[in-house]
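Written out below as structure tokens is the structure these notes cover.
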Protein chains: 2
Amino acid sequence: MKYDLTKKPTRGAQRTLESFSQTMFKLLSEEPFERISVNKICDISNFPRATFYNYFDDKFDLVDYCWYVIAQEIEVDKATEVKSNQSLIIYFDRLYDVFKNNRHLLDNILQYNEFSGQLVNSFVNYFKDKMQTILSGSIDYSKAGLPVELIADHCSETVILVLKWIFLKHHDADKRLAHTYLKKLLNLDQFI
Amino acid sequence: MKYDLTKKPTRGAQRTLESFSQTMFKLLSEEPFERISVNKICDISNFPRATFYNYFDDKFDLVDYCWYVIAQEIEVDKATEVKSNQSLIIYFDRLYDVFKNNRHLLDNILQYNEFSGQLVNSFVNYFKDKMQTILSGSIDYSKAGLPVELIADHCSETVILVLKWIFLKHHDADKRLAHTYLKKLLNLDQFI
DNA sequence: TTCAGATTTAGACACTTGTATAAGCAATAG
DNA sequence: CTATTGCTTATACAAGTGTCTAAATCTGAA
């Protein structure tokens with residue numbers, strides 16, 4: 001990403017970011033990612049290509065920004081962080097809600113893109129990374145005789161696995177059932 | 001892949017496939033994947049672009065064929081399939097050996113490509129799929145009260161996680177230790 | 001309000017991509 | 001041997017990519 005998201009954006013920049021991401025969301029619901037070109041994005045957004053490349057490296061970069069927009073809902077609040085034992089479930093729930101709230105987008109995307117294609121991959125990876133960042137900072141895995149990062153990786157992969165199962169592979173499950181899956185797969189008492 | 005790998009290739013086709021894949025292996029050790037163009041591959045291999053596109057859809061397709069070449073070592077023999085309980089460990093060991101035997105290639109690749117980049121991703125996904133195919137056909141997961149495919153997914157993801165940890169993130173471990181990781185993470189008795 | 005510094009934009013450049021066509025070549029069956 | 005079939009190759013095409021320049025425009029602080 002060429003644009004620095006940490007500094008607060010000018011009104012103009014905000015408009016530009018919004019416009020490009022909205023266009024991308026729109027196009028993702030209409031055609032496969034391979035057929036979405038930077039040219040097309042710019043035409044629809046009414047910005048010249050040069051502006052696109054002021055903000056993003058390429059279309060992958062923009063789509064990552066789109067996931068970032070979606071993930072804004074998650075709110076990693078320091079408050080809950082303390083009650084460490086439960087935090088895996090707490091953040092699982094937040095991700096569950098994000099996936100649920102964007103169900104129609106996901107369905108549209110899956111209509112045009114392979115489950116193992118680049119696009120779905122970038123989506124899944126974005127949230128796997130997100131989960132990993134959250135978990136590695138908020139859980140104490142000291143119990144199991146295993147490298148801590150390895151456990152953190154494993155937990156976040158499993159969280160995403162369950163969400164993929166429910167929302168991308170369409171095996172609907174409410175939170176209660178989702179928790180059961182998660183706990184059985186992770187054998188949770190083992191770690192936390 | 002445009003070329004049909006199931007039918008046995010003519011001598012000419014063999015030479016062509018060999019040439020393109022060798023060139024790709026060479027280039028992967030020299031520069032990042034994004035800078036490898038189909039043009040360059042063809043120049044080095046001394047084939048015209050048209051020939052490349054006779055065999056592959058694009059450079060991703062070729063790199064997948066490269067993983068296929070590497071994976072040939074694995075040998076999914078029907079013989080072991082029967083002793084189902086142990087087969088997860090057996091196939092883990094085979095993958096372990098494949099990763100170990102190609103350690104220098106992996107090291108080179110990681111020198112030029114991001115750990116979460118497209119190239120490493122395609123490598124990891126190739127072997128995750130491979131493992132999934134093997135496992136879903138050779139293990140009986142009836143014990144745990146969970147969807148079978150979900151468990152199969154989880155097992156193959158965990159296998160790959162451990163191999164990534166050892167060979168891509170460079171936390172060396174012999175097979176014995178690797179088995180310990182795997183068993184603790186999967187809590188193996190739970191499933192098999 | 002002004003002006004210096006930053007952003008945006010038009011246009012061009014060298015390069016890549018995937019496809020299509022038709023000519024050339026090689027292996028095989030009759 | 002030769003006709004047929006299928007693969008290889010030369011070449012061209014329309015499109016896309018990412019970078020660069022210099023001019024235009026905007027913006028915030030004085």
Side-chain angles (χ1 to χ4, degrees), chain A residues 1-24 26-28 30-65 112-114 117-119 122, chain B residues 1-24 27-28 30-66 112-114 117-119 122:
Chain A
M1 184 113 181
K2 281 179 190 145
Y3 187 82
D4 179 11
L5 286 177
T6 60
K7 73 175 180 193
K8 75 155 175 273
T10 68
R11 189 154 298 171
Q14 234 162 29
R15 248 183 300 125
T16 313
L17 287 167
E18 170 84 4
S19 187
F20 279 133
S21 56
Q22 285 310 311
T23 301
M24 181 55 103
K26 180 175 136 54
L27 289 176
L28 285 177
E30 292 175 357
E31 52 185 335
F33 190 58
E34 306 88 65
R35 278 219 290 274
I36 300 177
S37 69
V38 175
N39 283 327
K40 197 185 286 185
I41 296 166
C42 292
D43 282 352
I44 297 179
S45 309
N46 259 303
F47 283 98
R49 276 158 49 72
T51 302
F52 180 93
Y53 286 109
N54 280 345
Y55 285 81
F56 306 103
D57 296 315
D58 47 36
K59 65 178 183 169
F60 290 93
D61 204 24
L62 167 57
V63 95
D64 266 346
Y65 173 74
Y112 298 106
N113 297 276
E114 300 268 338
Q118 294 187 319
L119 182 71
S122 95
Chain B
M1 184 114 182
K2 283 180 187 143
Y3 188 82
D4 179 11
L5 286 176
T6 59
K7 73 176 180 192
K8 75 156 176 273
T10 68
R11 188 153 300 170
Q14 234 162 28
R15 248 184 300 125
T16 312
L17 287 167
E18 169 84 6
S19 186
F20 279 132
S21 56
Q22 284 310 311
T23 300
M24 181 54 102
L27 289 177
L28 285 177
E30 290 175 359
E31 53 185 337
F33 190 58
E34 306 88 65
R35 278 218 289 275
I36 300 177
S37 70
V38 175
N39 284 327
K40 198 185 284 185
I41 295 165
C42 292
D43 283 352
I44 298 180
S45 310
N46 259 303
F47 282 97
R49 275 159 48 73
T51 303
F52 180 92
Y53 286 108
N54 280 345
Y55 285 81
F56 306 103
D57 296 314
D58 48 36
K59 63 178 184 170
F60 290 93
D61 204 26
L62 167 55
V63 95
D64 266 346
Y65 174 73
C66 287
Y112 297 106
N113 296 276
E114 300 267 338
Q118 294 188 320
L119 182 71
S122 96

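By convention in this document, chain letters (A, B, ...) are assigned in the order of the sequence lines, proteins followed by strands, and residues within each chain are numbered from 1. All values below were derived from every heavy atom in this structure, side-chain atoms included, with hydrogens, water molecules and symmetry-related copies excluded.
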Aromatic plane relationship, A/Phe20 with A/Phe52 - under 30° parallel, 30 to 60° tilted, over 60° perpendicular
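If you compare the ring of A/Phe52 with that of A/Phe20, the planes turn out perpendicular.
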Return the orientation label for the A/Phe56 and A/Tyr65 ring planes: parallel under 30°, perpendicular over 60°, tilted otherwise.
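Rings of A/Phe56 and A/Tyr65: tilted, as their planes differ by 30° to 60°.
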Rounded distance in Å - [atom1] ([X]) to [atom2] ([N]):
{"X": "A/Asp61", "N": "D/dT17", "atom1": "CG", "atom2": "C1'", "value": "15 Å"}
{"X": "A/Glu34", "N": "C/dT17", "atom1": "CD", "atom2": "P", "value": "16 Å"}
{"X": "B/Arg35", "N": "D/dT19", "atom1": "CZ", "atom2": "C1'", "value": "15 Å"}
{"X": "A/Lys59", "N": "C/dT16", "atom1": "NZ", "atom2": "P", "value": "19 Å"}
{"X": "A/Tyr53", "N": "C/dG11", "atom1": "OH", "atom2": "C1'", "value": "15 Å"}
{"X": "B/Lys2", "N": "C/dA20", "atom1": "NZ", "atom2": "C1'", "value": "12 Å"}
{"X": "A/Phe20", "N": "C/dT8", "atom1": "CZ", "atom2": "P", "value": "10 Å"}
{"X": "A/Phe60", "N": "D/dT17", "atom1": "CZ", "atom2": "P", "value": "10 Å"}

Greater than 12 external heavy atoms within 6.0 Å of A/Lys8's NZ
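At most 12 heavy atoms, drawn from other residues, nucleotides or ligands, come within 6.0 Å of this atom.
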Under the salt bridge (Lys or Arg N to Asp or Glu O under 4.0 Å) criterion, do A/Lys40 and A/Glu31 qualify, and how do the steps go?
CA-CA 12 Å; A/Lys40 197 185 286 185; A/Glu31 52 185 335; 2.9 Å; yes
Are the side chain of A/Ser45 and the backbone N or O of A/Cys42 linked by a donor-acceptor pair below 3.5 Å?
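Absent.
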Per-nt protein contacts along nucleotides 6-16 of chain D (heavy atom under 4.0 Å; B base, S backbone sugar-phosphate only, - none) come out as --BBB-----S
Quick one: are A/Lys59 and A/Val63 in side-chain contact, heavy atoms under 4.5 Å?
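Result no, sub-4.5 Å side-chain heavy-atom pair not found.
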